[in-house]
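Everything on this sheet refers to the single structure shown next.
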Protein chains: 2
Amino acid sequence: MNASPRRKELTRLAAQLFVQEGFDRTTVRMLAQEMGIKSGSLFHHFKDKQEILAAVIEEGTHNALAIAKRSLDESPPSPEARLRAMARAHLETLFTDRNAHVVALFEWRRLDDSAKAHLSHLRDAYEALWVQVIEEALAAGLIHGDRFLISRFVLGALNWTVRWYDPAGPRTPDELADELIAMIMPAR
Amino acid sequence: MNASPRRKELTRLAAQLFVQEGFDRTTVRMLAQEMGIKSGSLFHHFKDKQEILAAVIEEGTHNALAIAKRSLDESPPSPEARLRAMARAHLETLFTDRNAHVVALFEWRRLDDSAKAHLSHLRDAYEALWVQVIEEALAAGLIHGDRFLISRFVLGALNWTVRWYDPAGPRTPDELADELIAMIMPAR
DNA sequence: GTCTATAAAGTGATAGAC
DNA sequence: GTCTATCACTTTATAGAC
């Protein structure tokens with residue numbers, strides 16, 4: 001899509017507000033003020049409010065996918081290390097990267113049908129990465145169970161961290177990720 | 001608080017709409033229509049929209065707490081059985097009971113400060129039940145790690161099921177709960 | 001690319017009759 | 001306890017000047 005640097009910056013600011021207030025409570029006036037322009041000017045960059053949400057979610061999911069792939073590339077090849085890399089990457093996009101991934105996860109239902117159709121393949125690609133890494137861990141006997149169930153439980157546990165975890169606290173995101181992975185692996 | 005049978009019924013219907021549409025997108029007119037009255041009449045039962053949300057969340061958390069306590073009472077005393085009972089009870093309030101618990105979990109931030117203050121003790125009591133049961137499992141050597149971290153990961157995994165799990169599908173909520181507990185327990 | 005001004009519709013809530 | 005009618009305000013979005 002259109003990716004002018006201006007539009008990218010606006011998308012970044014929108015993501016921040018959507019996380020703080022939620023999509024529904026964020027008005028175009030709030031968005032415009034945060035961007036230092038008047039609300040009318042906003043519609044020169046985006047067709048409507050929906051398109052702003054779609055842009056944020058597209059960036060958020062794209063980031064998550066890119067960071068996960070990079071982490072896997074840089075990870076040692078062992079199934080355990082790759083599992084850990086995925087969990088760390090997930091928390092990285094949630095807390096240390098930008099707010100866009102949080103919006104993608106928590107405001108997905110607010111997308112209209114056509115935007116969902118357009119973005120679902122991105123989301124599916126990300127989840128497929130998880131299923132694949134979990135499959136490797138299953139094959140290696142590291143964990144046991146259904147691959148879809150495990151990936152959904154793990155993603156749920158990770159996603160819910162945005163409700164309680166403070167990245168400025170004593171535990172780093174990486175440590176948090178490691179503790180989750182330790183929890184699902186039978187004692188060694 | 002006030003708990004006339006009429007008000008209880010209205011609260012139940014409100015919970016359903018809040019789950020379907022989200023609190024922000026549910027208008028007082030939608031609520032009234034669902035209840036078979038006009039929007040003006042709604043304010044005879046509730047002071048304002050906030051009070052409806054507070055009523056729903058109070059009922060949802062109260063239900064979750066009551067069902068969890070009952071399940072623990074009826075459970076065999078072993079730490080593993082009690083852990084399983086808590087997970088089953090959680091999914092029961094999420095899927096087979098009412099929608100109120102889902103609202104309590106996903107719309108908590110929409111409460112105003114005084115309502116949060118009034119209801120947080122209920123929520124804390126519920127979470128304390130979880131921490132206690134997890135402590136018992138830790139003491140018995142069933143699981144390993146930090147009790148708060150484990151309870152939050154487990155609750156996150158359970159809460160996120162509302163995003164993907166279909167209770168009308170092939171797996172019952174009880175089976176789902178059992179698979180999660182199996183996932184966090186080292187192989188026996 | 002941003003402004004001002006405003007349209008068009010929807011929002012939560014109130015007053016007073018029945 | 002419900003109705004009708006309506007207020008006061010906010011919302012997204014548009015039009016046209018600069």
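Quick caveat, the model's predicted, so the values are computed rather than measured.
- With sequence neighbours left out, Glu107(B) forms a salt bridge (charged side-chain N to carboxylate O under 4.0 Å, His left out) with no residue at all.
- Here dG12(C) presents its P atom at 16 Å from NZ of Lys38(B), a figure rounded to the nearest Å.
- Taken to the nearest 0.5 Å, the CD1 atom of Ile57(B) stands 10.5 Å off from the NE2 atom of His101(B).
- Distances shown here put a side-chain N or O of Arg6(A) below 4.0 Å from the OP1 or OP2 atom of dT2(C).
- If you take CD of Gln33(B) and P of dG10(C), they are 14 Å apart, rounded to a whole angstrom.
- Between the CG atom of Leu42(B) and the C1' atom of dT4(D) there is a distance of 16 Å, rounded to whole Å.
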### Task
Report the C-alpha distance between Phe153(A) and Trp160(A) in whole Å, list the side-chain angles of each, state the deciding distance to 0.1 Å, and finish with yes or no for ring pair (Phe, Tyr, Trp, His ring centres under 6.0 Å).
CA-CA 11 Å; Phe153(A) 283 148; Trp160(A) 202 256; over 10 Å; no
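- Under the ring-ring contact (aromatic ring centres under 6.0 Å, His included) criterion, Phe23(A) pairs with Phe18(A), sequence neighbours left out.
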### Message
Generate the contact string for nucleotides 13-18 of chain D. Rules: B means base contact, S means sugar-phosphate contact only, - means no protein heavy atom under 4.0 Å.
### Response
BB----
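- A straight line from CG of Leu53(B) to C1' of dA13(C) spans 17 Å, rounded to a whole angstrom.
- The nearest whole Å value for the distance from the NE2 atom in His44(B) to the C1' atom in dA13(C) is 16 Å.
- Thr26(A) comes within 4.0 angstrom of sugar-phosphate atoms only, judged by non-hydrogen atoms across all strands, and of no base.
- Rounded to a whole Å, the CD1 atom of Ile37(A) is 7 Å from the P atom of dC3(C).
- Asp24(B) has its CG atom 15 Å from the C1' atom of dG10(C), to the nearest Å.
- Looking at Arg12(B), its side chain never comes within 3.5 Å of a backbone N or O of Val56(B) through a donor-acceptor pair.
- Residue Glu175(A) places its CD atom among more than 12 non-hydrogen atoms of other residues, nucleotides or ligands, all under 6.0 Å distant.
- Between the CZ atom of Phe46(B) and the C1' atom of dA13(C) there is a distance of 15 Å, given to the nearest Å.
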